[in-house]
> 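Take this structure first; my questions come after.
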Amino acid sequence: MTPDAAAWDALRLSLWVAFWATLLAIPLAVWVAWLLARKDFWGKAVLNAAVHLPLVLPPVVTGYLLLLAFGRTAPLGQALNALGIQLAFHWTGAVLAAMIMGFPLMVRAMRLAIEAVDPKLEDTAATLGAPRGMVFFRVTLPLILPGVLAGTVMGFAKAMGEFGATITFVANIPGKTQTLPSAIWAALQIPGGERQAVMMVLMASTVAIAAVLLAELLARRVAARIAGA
Amino acid sequence: MTPDAAAWDALRLSLWVAFWATLLAIPLAVWVAWLLARKDFWGKAVLNAAVHLPLVLPPVVTGYLLLLAFGRTAPLGQALNALGIQLAFHWTGAVLAAMIMGFPLMVRAMRLAIEAVDPKLEDTAATLGAPRGMVFFRVTLPLILPGVLAGTVMGFAKAMGEFGATITFVANIPGKTQTLPSAIWAALQIPGGERQAVMMVLMASTVAIAAVLLAELLARRVAARIAGA
Amino acid sequence: PVTVFAAASLRGALDAVAEDFGADVSISYGGSGTMARQIDAGAPADIVILAAPVWMDWLQERGILGDAPRTYLLGNRLVLVAPADSTIAPDPGNLAASLGDMRLVIGQRDAVPAGIYSREWLQATKQWEALQNMLAETDNVRTALALVARAEMPLGVVYRTDAMAEPKVRVVYTVPDDQHSPIVYPAAALTDAGKVFLKFLQTDESMDIFAAHGFAPVKP
Amino acid sequence: MSLSLTLSHRFADFALDITLEAGPGITALFGRSGAGKSTIINAVGGLLHPNSGRIAVDGDVLLDTDLGIFVPPHKRRLGTVFQDARLFPHLSVSQNLMFGARYAPRGSSGPALKDVVALLGLQDLLDRAPATLSGGQKQRVALGRALLSHPRMLLMDEPLASLDGPRKQEILPFLERLRDGPLGLPILYVSHAVDEIARLADTLVLIQSGRVQAQGPLFDVMADPAAVPLLGVREAGAVIEADVLAHGTDGISTLRISAGTLELPGVHAETGARVRLRVLAQDVILSLTRPEGLSSVNVLPVEVEAIHPGDGPGAAIALRANQDRLLSRVTARAVTELGLRPGLKCYAILKATTVAPGSIGR
Amino acid sequence: MSLSLTLSHRFADFALDITLEAGPGITALFGRSGAGKSTIINAVGGLLHPNSGRIAVDGDVLLDTDLGIFVPPHKRRLGTVFQDARLFPHLSVSQNLMFGARYAPRGSSGPALKDVVALLGLQDLLDRAPATLSGGQKQRVALGRALLSHPRMLLMDEPLASLDGPRKQEILPFLERLRDGPLGLPILYVSHAVDEIARLADTLVLIQSGRVQAQGPLFDVMADPAAVPLLGVREAGAVIEADVLAHGTDGISTLRISAGTLELPGVHAETGARVRLRVLAQDVILSLTRPEGLSSVNVLPVEVEAIHPGDGPGAAIALRANQDRLLSRVTARAVTELGLRPGLKCYAILKATTVAPGSIGR
Ligand SMILES: Nc1ncnc2c1ncn2[C@@H]1O[C@H](COP(=O)(O)OP(=O)(O)OP(=O)(O)O)[C@@H](O)[C@H]1O
Ligand SMILES: Nc1ncnc2c1ncn2[C@@H]1O[C@H](COP(=O)(O)OP(=O)(O)OP(=O)(O)O)[C@@H](O)[C@H]1O
Ligand SMILES: [Mg+2]
Ligand SMILES: [Mg+2]
């Protein structure tokens with residue numbers, strides 16, 4: 001038995017969604033992680049809690065909240081719609097849902113990496129004349145690369161696997177918003193659909209494992225360069 | 001409107017499940033993180049991929065897989081049953097599901113922390129006569145404490161929020177396996193159930209945020225001790 | 001193409017029916033509550049088919065459906081199933097006796113339509129109280145069915161349509177349809193395309209296919 | 001160039017209260033471990049925001065806590081060599097070296113990469129990762145990195161502590177050239193090694209427990225017999241200036257000082273140049289008569305100016321040799337036996353080979 | 001105690017090939033930056049698994065790549081002081097100091113905590129976090145931590161590099177006492193400072209580019225004029241042994257060596273003790289006649305054994321003073337003027353204040 005066209009569609013969409021979700025989340029996650037790791041500011045606790053919230057809430061709830069915020073009838077959704085941006089019931093919404101669900105994982109990994117950077121190295125870069133932004137891009141960022149990679153792969157895996165929030169926010173329209181997890185879920189709704197589901201589970205796993213191993217490889221390279229091997 | 005008794009029951013159970021899931025997962029996660037961070041062995045890639053799998057798979061699938069492995073009719077489940085350990089349809093199963101779902105998050109945080117520990121410090125401890133295990137407990141572990149805390153809080157938050165795998169594996173037995181997320185989900189399935197759901201979402205969020213902030217506080221203490229402030 | 005939002009338990013039958021429709025049909029399956037909320041939030045559906053009348057009522061109250069009359073498209077029956085190779089022969093009026101220390105699997109009592117019907121039946125036969133601590137509730141009927149199919153639990157209450165599609169279970173009892181509220185699948189067309197598709201679903205050919213999957217026609 | 005600095009900072013168990021003025025050239029900070037030297041360097045570099053204070057380089061205020069001025073480190077242009085090397089672990093040696101180059105203002109100048117690489121012996125290390133370097137190699141890269149950032153002043157915290165003697169002997173003249181060359185690069189230099197300081201410094205600041213114990217031109221602080229205990233008995237000695245008269249074929253040069261001529265080996269300055277000589281107090285022998293038949297040919301008529309008995313069995317004798325001041329360390333017994341007293345005229349014998357190679361003077 | 005070591009290891013750009021034997025006492029490794037000293041320390045400590053080699057301490061084989069023996073570091077009991085302090089950042093100073101105590105075998109002994117704390121001046125730092133220590137303070141804690149782990153041998157990689165002179169002068173005698181006391185603790189000691197090595201070492205190993213250049217008893221390697229260029233011109237000198245005869249009331253002690261008596265300040269040994277004196281070649285002046293009226297009272301009749309002209313303008317003169325060997329560094333011109341030649345009898349003048357305080361000898 002081979003995966004049917006719908007399964008391939010779902011895989012394609014999932015990859016697309018996960019790709020964009022991860023890509024868009026990286027800079028934001030790095031920034032939030034940096035804020036949480038290095039800055040003290042009013043509302044830091046709130047930000048920290050907010051970042052973790054998608055972990056705690058049942059994904060359906062997150063999906064509903066998204067629907068409430070960005071639905072076609074919601075003011076925010078209407079405003080965005082006026083700008084030509086449609087989120088609810090659209091693959092872009094799946095991207096948003098995947099971003100939000102993966103965000104805590106990305107931020108945490110990057111934050112840990114940032115906390116491990118010796119601020120003395122950043123200070124040293126400053127004494128050599130590098131302004132703040134340059135210090136970040138030439139010292140901090142390269143040093144946290146393994147953490148960024150770790151966060152990215154976690155975010156990507158989560159984006160590939162996200163189901164509850166996605167199906168609630170963008171529904172499960174084959175070829176349009178049906179991601180692999182939604183398709184798997186749908187397959188499980190008919191007796192005998194397990195084989196189709198197993199097929200798709202294997203597809204999802206393969207992609208995710210490939211991503212994990214690729215990230216691992218890259219991280220090893222970075223580490224090897226630092227170790228001088 | 002106040003939460004009804006069932007909501008309090010669900011909260012109690014969720015806390016109980018999350019507590020055990022986190023507690024039991026910590027040593028295992030630390031160990032796996034250490035293996036992945038520090039050792040090279042045959043099958044490392046497989047282990048790494050396996051740890052990430054629950055992130056990628058829709059939770060329902062994870063729940064089914066658990067059922068396949070630990071169900072009453074599964075050999076493993078029967079073996080455990082013979083030992084008096086019951087998982088399926090039991091809160092212990094919810095603990096297992098929560099552990100598995102939170103595991104990738106815990107391992108990743110701890111692994112990043114371990115990778116940030118300078119092996120030279122561990123070597124130094126060895127030159128002072130400390131055998132491997134002691135080096136781990138007196139040097140490595142205290143140094144990765146912030147990472148362990150981060151992982152723990154992620155695992156705990158995830159355990160508080162886990163729904164899909166849990167309900168598939170242990171179903172929903174009010175007072176026995178009905179966790180807060182599953183109560184929230186149920187409330188959302190009833191027209192007008194939103195208020196009850198909001199109530200429970202607030203309960204879950206409060207607990208999780210408290211956990212996040214507590215962990216933050218502890219991590220700050222540890223960091224302050226190291227900085228000598 | 002026609003976009004259909006349909007209750008998950010229609011999966012299979014509805015796919016088969018849609019194959020014969022002239023144009024492209026996209027069917028987004030989901031839980032009734034979720035879909036109702038999605039329709040409310042402006043989902044691009046041409047037609048919605050739910051498994052629970054309450055959610056259709058809810059949509060109507062919110063004025064989403066206009067004054068288009070709702071259609072009760074299909075009906076279904078509740079059955080008691082056991083694993084195919086089990087020899088259990090329960091007394092439908094006293095299930096507790098057959099369960100021993102095992103549990104009866106039903107959909108969530110208040111959340112899953114099949115669970116609601118099951119509760120009504122068990123209440124009507126006065127065994128709800130006795131079974132209170134002998135239930136295992138699931139988040140949808142399919143999970144309930146799977147638990148019985150895998151012999152995790154000896155008995156479960158599911159739709160007849162599910163039982164028919166799953167060879168690993170055996171129907172041990174069909175619940176009389178006067179012991180719970182009628183099981184009906186209300187449908188509402190939201191667009192003209194939806195109306196066309198709804199008409200198509202109601203053709204005899206379509207109804208035959210539904211019937212072959214175990215659905216019963218609804219007599220208004 | 002001048003550095004003017006007032007600092008006050010409190011750590012849990014330590015208080016720093018410093019006021020110091022340094023003219024152009026090299027200002028050395030000398031003091032025991034924990035005296036507060038690195039803290040000063042950090043404050044000047046902008047890595048420590050002191051409780052209160054004012055720091056100005058050439059009238060350019062870098063910090064003034066009263067006025068709320070705090071110039072961030074990257075705008076200070078003070079190349080810093082830290083006590084620990086602090087190399088960027090993700091960059092190769094050459095990338096570390098060139099890190100600061102792009103932030104140097106247009107038109108600023110400094111030593112060239114190839115000169116620094118050659119001086120520090122880094123030719124074979126350019127592609128290496130810092131993690132693979134030896135302790136001294138790391139320190140050399142850190143030194144090179146600071147030199148190549150085109151700073152307007154260098155802050156150096158024990159930059160040569162883990163280097164071998166020969167390498168130090170190569171680097172010291174280079175630092176002197178930086179100071180004396182067209183850049184006139186001023187250096188704030190922390191060291192435990194008195195010989196390094198005595199050779200390099202123009203201004204010497206002695207720091208003890210967070211306070212300035214003595215400060216002033218090197219000649220004064222070094223030739224002051226009262227500073228002997230702080231500098232260490234074996235390290236005290238005067239510094240005198242000399243003109244190079246001629247270089248002999250055997251490598252011995254003849255130099256003129258105000259009191260006569262000296263024959264010294266290892267003088268690399270050109271004929272006619274003015275050089276600085278360090279004469280350790282312990283290398284100056286006193287004789288009542290002009291000695292004959294000695295291997296030491298440098299004998300100067302001197303007059304005893306003052307006698308400072310030390311804590312131990314030695315005494316520091318301040319001598320005037322025409323315009324120059326010398327310091328001799330003799331035993332207290334010798335003071336009695338030779339009848340040394342202020343005003344006594346006698347002879348100072350300087351061992352030719354014990355005169356530290358002088359730096360080329362200004 | 002003896003250390004016997006054969007090592008061969010290859011890094012990308014560096015090859016180490018070492019065979020060395022060290023008897024009891026202190027074995028010094030001396031060599032330029034990047035010579036391979038820390039690599040040897042790491043291999044002995046078990047932190048580097050060399051490509052091939054054999055290491056045995058007192059016949060106890062720690063490594064033998066041929067036999068596949070590799071004793072893990074924690075079983076070697078070699079207290080190591082690394083070039084970088086490597087303190088445990090999460091532990092206080094006192095916790096760092098006591099880290100190794102619990103792993104010491106029952107009945108093993110070593111210096112007491114309070115002695116080490118007093119010696120290293122750590123009294124006020126015990127509750128501090130390593131991050132708040134100065135560079136020298138860190139190094140002192142690292143030193144104390146290694147001392148307190150009751151090792152059977154110490155490996156020290158430039159342990160005093162960032163310490164001030166006075167502190168060094170306190171620590172060196174302590175190390176000597178460890179070596180000479182009941183523990184007889186052997187030490188493998190890396191240093192760039194010749195004076196430290198000349199004072200401490202029993203065996204000296206000169207390492208250059210990963211190879212042993214010279215090794216042997218300190219006296220031999222140090223007094224060998226051929227080693228002068230490796231040690232540095234200003235650092236060469238002989239080591240002689242002397243008996244303390246009497247201590248004068250003015251702090252000057254009288255010592256007997258085979259060729260006569262010396263009057264020296266700063267000798268802290270008891271009357272009757274045997275001490276070791278270092279006489280720098282540059283501090284020995286030669287005279288054809290017995291000089292009179294000099295502040296220097298230590299004059300020994302000597303015979304010229306050999307003359308080694310150096311690369312520069314100086315020459316190293318090997319002298320025999322009865323049983324003892326001395327080294328004098330004079331200018332080549334002086335060799336001619338004084339007519340120095342092997343067999344010539346003349347007088348060596350030793351400046352009393354220039355003799356390095358001797359270590360208490362065996
Ligand atoms: N991991 C490594 N990879 C490659 N080369 C290395 C590595 N470790 C050390 N080296 C090289 O081996 C040589 C010897 O290093 P080592 O640290 O033993 O020197 P050292 O004698 O201790 O020098 P220093 O006095 O500067 O500390 C150096 O050239 C160094 O660059
Ligand atoms: N962050 C800090 N918290 C508390 N005390 C500190 C801190 N940093 C430095 N100190 C203390 O301030 C004093 C001065 O430290 P500093 O590093 O300036 O000494 P130093 O003169 O550079 O010594 P060394 O020669 O050992 O490097 C020391 O006693 C040190 O312990
Ligand atoms: Mg310092
Ligand atoms: Mg080294």
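Here is how names work: the chains are called A, B, and so on, in the same order as the sequence lines, proteins then strands, and each is numbered from 1. Quick caveat: nothing in here was measured; it's all calculated off a predicted structure.
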> Any idea which heavy atoms bring C:Ala136 and B:Ala171 closest together, and the distance?
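It is CB-CB, 4.0 Å.
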> Any side-chain to backbone donor/acceptor pair from C:Trp55 onto B:Gln189? Under 3.5 Å, distance only.
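Here the side-chain-to-backbone pair exists.
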> Is it true that, when you exclude B:Arg220 itself, more than 12 heavy atoms of the residues, nucleotides or ligands shown sit nearer than 6.0 Å to its CZ?
no
> Quick one: what part of C:Leu147 sits under 4.5 Å from any heavy atom of chain B, side chain, backbone, both or neither?
side chain
> Tell me whether the count of non-hydrogen atoms from other residues, nucleotides or ligands lying under 6.0 Å of CH2 in C:Trp128 goes above 12.
yes
> If we only count heavy atoms from C-beta on, is the C:Glu152 to B:Phe89 side-chain gap below 4.5 Å?
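Side chain of C:Glu152 against side chain of B:Phe89, heavy atoms only: contact under 4.5 Å found.
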> Contact part of B:Thr177 toward chain C, heavy-atom cut-off under 4.5 Å: side chain, backbone, both or neither?
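Neither part, no heavy atoms under 4.5 Å.
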> For the backbone of C:Arg150 and the side chain of B:Arg72, can you confirm whether one donor and one acceptor N or O come within less than 3.5 Å of each other?
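No; zero donor-acceptor contacts below 3.5 Å.
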> If you round to the nearest 0.5 Å, how far is OG1 of B:Thr73 from CE of C:Met153?
10.5 Å
> Can you tell me how far CG of C:Asp139 sits from OG1 of B:Thr168, rounded to the nearest 0.5 angstrom?
5.5 Å
> At what distance, to the nearest 0.5 angstrom, does OG1 of C:Thr138 lie from CG of B:Asn172?
8.5 Å
> Between C:Ala146, C:Gly115, C:Ala111, which shows the greatest number of heavy-atom pairs under 4.5 Å with chain B?
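Among C:Ala146, C:Gly115, C:Ala111, the one with the most close pairs to chain B is C:Ala111.
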> Where does C:Gln108 contact chain B at under 4.5 Å (heavy atoms): side chain, backbone, both or neither?
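For C:Gln108, side-chain heavy atoms alone lie under 4.5 Å from chain B.
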